[in-house]
Amino acid sequence: MNAAEPLTVLKENVEIFLPDNALEEKLGLAQKENRKLIIKLGFDPTAPDLHLGHAVVLKKLRQFQNLGHTIVIIIGDFTARIGDPTGKNKSRPPLSAEQVQINAQTYVNQLSKILDVNRCEIRYNSEWLGSMDMTETIKLLSQVTLAQIMQRTDFNNRFSTGLPISLHELVYPLLQGQDSVMIHADIEMGGTDQLFNCSMGRQLQEGQDLPGQAVLCMPLLKGIDGSAKMSKSEGNIVGLTDAPHEMFGKIMSIPDALLPDYLHLVTDFTPEGKQGLLQQLNQGENPMAIKKQVGFNVVQQYHSAEDAQQAQEFFQNQFQNKKFEEKEFTSVSLAALGIDQPENLRLLDLCKELKIEESRSNLKRLIEAGSVTINGTKVTDSQSPVEVGKEPVKVRIGKRAFFELVP
RNA sequence: GGGGAGAUUCCAGAGUGGCCAAAUGGGACGGACUGUAACUCCGUUAGCGUAAGCUUUCGAAGGUUCGAAUCCUUCUCUCCCCA
């Protein structure tokens, strides 16, 4: 492989290089010193659900890993234990040590879908942050000015709109930066929203007479609802552990405008392949067709080609094909629902059994709004009786819930 | 440390003694249309009840009142101004 080739691969999709020639510089350094680079990625072990947004960064790390570089995953257990109230005035309850442990393990399991975790180094930042005394802490703090901290967009916005900022939040970027100092990171990766924090690491390293890390930021993947950022709290994620047909369905539901982003960032088509699909799109191909290919590709990455095939067929049959008879219903037995008197079963009660998590009031509304069908027929009276004793009964609630009741 | 403003349902934001489960907008959900896209239109948006109705909710706890999101007291939190 010639020297230029990895560089092209590594640069693909990266949105920000700090400094501009960061990557070339670090790769050159590695070659000159005949060593592998140390590449850092930090995680906050709060909500342990990785999604396609994380995958954008992880895939890039995988490329580095394939070239033999060392990936260091920092689990931010120290910061998580303090509790990060970012953005809200309800401060998040600090996580217990056990919970952090569990979350971290979940993370590592999910990371293994993309990275070779056996070749990753995993460090907990409590290892060094937990033992810093006041003298060291003050020394760390003295390296940064308030004006620098306030440049961070998030702080700036909150400050100017009069939202609260706790002092410990101001310190967060420094703690994260300290991680870079401790592990001698050559490169820190993150989403573009991490630019500030990552560059803080660079500054702190230089303050300690260490070579400053390069910062590579990947674009933020937009959520499936088209909002600015895919995040768990927005409920707009495609989880790496989502079931195949769920993953496929979620991809199909993204707004058309997002398709090029998804094509570039979450698929593993070759650059030529991506270009080709993009061209088809521009030439007026139905975006749905392209979306299917993206969906297929994604499911294939996290599950298998067979799963992807099945997911696509399921989707087509379930949602595109209008024929009621051909749809798939999840089979549920009366016994499993705990229905022992099938004679006087009302529709509302049945729906409640099928969708335990919904309130009866809400289900009643859904029925009245015409979103429930029995054997393909709309039923809008929540009190109407349902005969479930003899024949199987097919119930659909809303767009996605399909059940078949068997006696 | 002193003074002022504020905390409302998922969010923003009305409401200043009964007509308030609380306007309006956003979001979300559902329906029609469709490609589980977008656009548009319509509906719903605390819980329980077949229903009448009942229960919980307006930062927290007490109090006044036949009746409180609204008045009083204390507390918690936030923002602003002055020192």
Side-chain angles (χ1 to χ4, degrees), chain A residues 83 85-93 155 157-167 169 222-229 231-238 242-263 280-281 284-296 298-299 311-322 324 327-328 344-352 355-373 376-386 395-402:
Chain A
T86 302
K88 290 281 160 198
N89 50 8
K90 45 186 165 192
S91 53
R92 199 184 286 170
F155 289 145
N157 289 347
R158 278 202 272 161
F159 188 73
S160 48
T161 49
L163 290 169
I165 302 172
S166 296
L167 277 185
E169 291 184 72
K222 293 194 171 79
I224 56 175
D225 58 351
S227 67
K229 181 183 168 187
S231 85
K232 178 115 185 277
S233 54
E234 294 292 323
N236 60 10
I237 69 169
V238 179
D242 282 352
H245 68 269
E246 200 177 340
M247 220 176 229
F248 192 89
K250 282 181 177 178
I251 298 284
M252 291 307 291
S253 79
I254 63 169
D256 291 352
L258 256 60
L259 199 42
D261 280 357
Y262 273 62
L263 187 58
Q280 289 181 38
L281 198 59
E285 174 67 82
N286 187 344
M288 178 192 58
I290 312 286
K291 229 185 259 182
K292 276 185 185 170
Q293 296 193 51
V294 171
F296 189 100
V298 171
V299 176
Q312 179 164 347
E313 281 165 15
F314 176 82
F315 176 82
Q316 284 163 183
N317 208 34
Q318 200 79 343
F319 299 109
Q320 299 196 314
N321 177 358
K322 301 290 181 204
F324 177 76
K327 297 196 186 302
E328 259 186 58
N344 302 317
L345 190 63
R346 299 178 313 159
L347 180 56
L348 178 61
D349 295 320
L350 176 61
C351 291
K352 177 60 182 173
K355 290 191 80 90
I356 298 288
E357 72 281 0
E358 286 290 354
S359 74
R360 303 179 84 90
S361 303
N362 198 33
L363 284 167
K364 198 193 294 175
R365 285 184 214 112
L366 287 176
I367 294 170
E368 281 159 11
S371 67
V372 174
T373 64
T377 316
K378 234 180 229 187
V379 180
T380 53
D381 178 7
S382 62
Q383 301 307 318
S384 64
V386 188
V395 184
R396 178 177 184 175
I397 305 173
K399 286 178 184 164
R400 305 173 197 200
F402 296 81

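Labels below follow one simple rule: chain letters A, B, ... track the order of the sequence lines, proteins then strands, and each chain is numbered from 1.
- Using a 4.0 Å heavy-atom criterion, one finds that Ser361(A) contacts the bases of the nucleic acid, with or without backbone contacts as well.
- Between Arg346(A) and Phe159(A), the residue anchored closer to the 5' end of RNA chain B is Arg346(A), taking for each the nucleotide with the nearest heavy atom.
- Between the CG atom of Leu167(A) and the C1' atom of U78(B) there is a distance of 15 Å, rounded to whole Å.
- Distances shorter than 4.0 Å separate none of the side-chain N or O atoms of Arg360(A) from OP1 or OP2 on G47(B).
- The separation of U36(B) from A28(B), taken at their C1' atoms, amounts to 16 Å, rounded to a whole angstrom.
- Rounded to the nearest Å, the gap between the C1' atom of G43(B) and that of C48(B) is 23 Å.
- The pairing partner recorded for U65(B) is none, the criterion being a Watson-Crick or G-U wobble arrangement whose two distances lie under 3.5 angstrom.
- If you take atom C1' in U55(B) and the same atom in C81(B), they sit 45 Å apart, rounded to whole Å.
- Distance noted for atom C1' between U24(B) and G15(B): 11 Å (whole Å).
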Let me see the working for Thr377(A) and Phe324(A) under side-chain contact (heavy atoms from CB on, under 4.5 Å), right down to the final yes or no. CA-CA 10 Å; Thr377(A) 316; Phe324(A) 177 76; over 6 Å; no
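- Only the C1' atoms considered, G17(B) is 27 Å distant from A12(B), to the nearest whole Å.
- Contact annotation: the side chain of Val372(A) approaches that of Ile367(A) to within less than 4.5 Å [non-hydrogen atoms, C-beta and beyond].
- For Phe155(A) and Phe159(A), the gap between ring centers reaches or exceeds 6.0 Å.
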Applying side-chain contact (heavy atoms from CB on, under 4.5 Å) to Asn236(A) and Lys222(A), what does each step give before you reach the verdict? CA-CA 9 Å; Asn236(A) 60 10; Lys222(A) 293 194 171 79; over 6 Å; no
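- A heavy-atom distance below 4.5 Å is not found between the side chains of Glu234(A) and Lys229(A).
- If you take CG of Leu345(A) and C1' of U50(B), they are 15 Å apart, rounded to a whole angstrom.
- A69(B) and A60(B) are spaced 12 Å apart, taking the P atom of each and rounding to whole Å.
- Atom name C1', nucleotides A52(B) and A37(B): the rounded distance is 45 Å, in whole Å.
- If you measure from atom NZ of Lys352(A) to atom C1' of C48(B), you get 11 Å, rounded to the nearest angstrom.
- Under the Watson-Crick or G-U wobble criterion, with both distances below 3.5 Å, G1(B) is paired with C82(B).
- The nucleotide C41(B) finds its pairing partner in G31(B), both defining distances of the Watson-Crick or G-U wobble pair being shorter than 3.5 Å.
- Using N1 to N3 plus N6-O4 or O6-N4 for Watson-Crick, or N1-O2 and O6-N3 for G-U wobble, each under 3.5 Å, G47(B) pairs with C54(B).
- Taking 4.5 Å as the limit, every side-chain heavy atom of Gln318(A) sits out of range of all side-chain heavy atoms of His245(A).
- Comparing the same atom, C1', in A61(B) and in C11(B) gives a spacing of 27 Å after rounding to whole Å.
- If you check C77(B) for Watson-Crick or wobble pairing at under 3.5 angstrom, you find it paired to G6(B).
- In plain terms, the two heavy atoms of Ile397(A) and Cys351(A) that are nearest each other are CD1-SG, 4.0 Å.
- Atom NZ in Lys364(A) sits roughly 14 Å away from atom P in G53(B) (whole-Å rounding).
- The separation between Ile165(A) atom CD1 and C77(B) atom C1' is 16 Å, rounded to whole Å.
- Partners of Lys364(A) under the side-chain contact (heavy atoms from CB on, under 4.5 Å) rule, at least two apart in sequence or in another chain, are Leu348(A), Glu368(A), Ser382(A).
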For every nucleotide of nucleotides 25-43 of chain B, 5' to 3': is a protein heavy atom under 4.0 Å from its base (B), only from its sugar-phosphate (S), or from neither (-)? -----SSS--BBB------
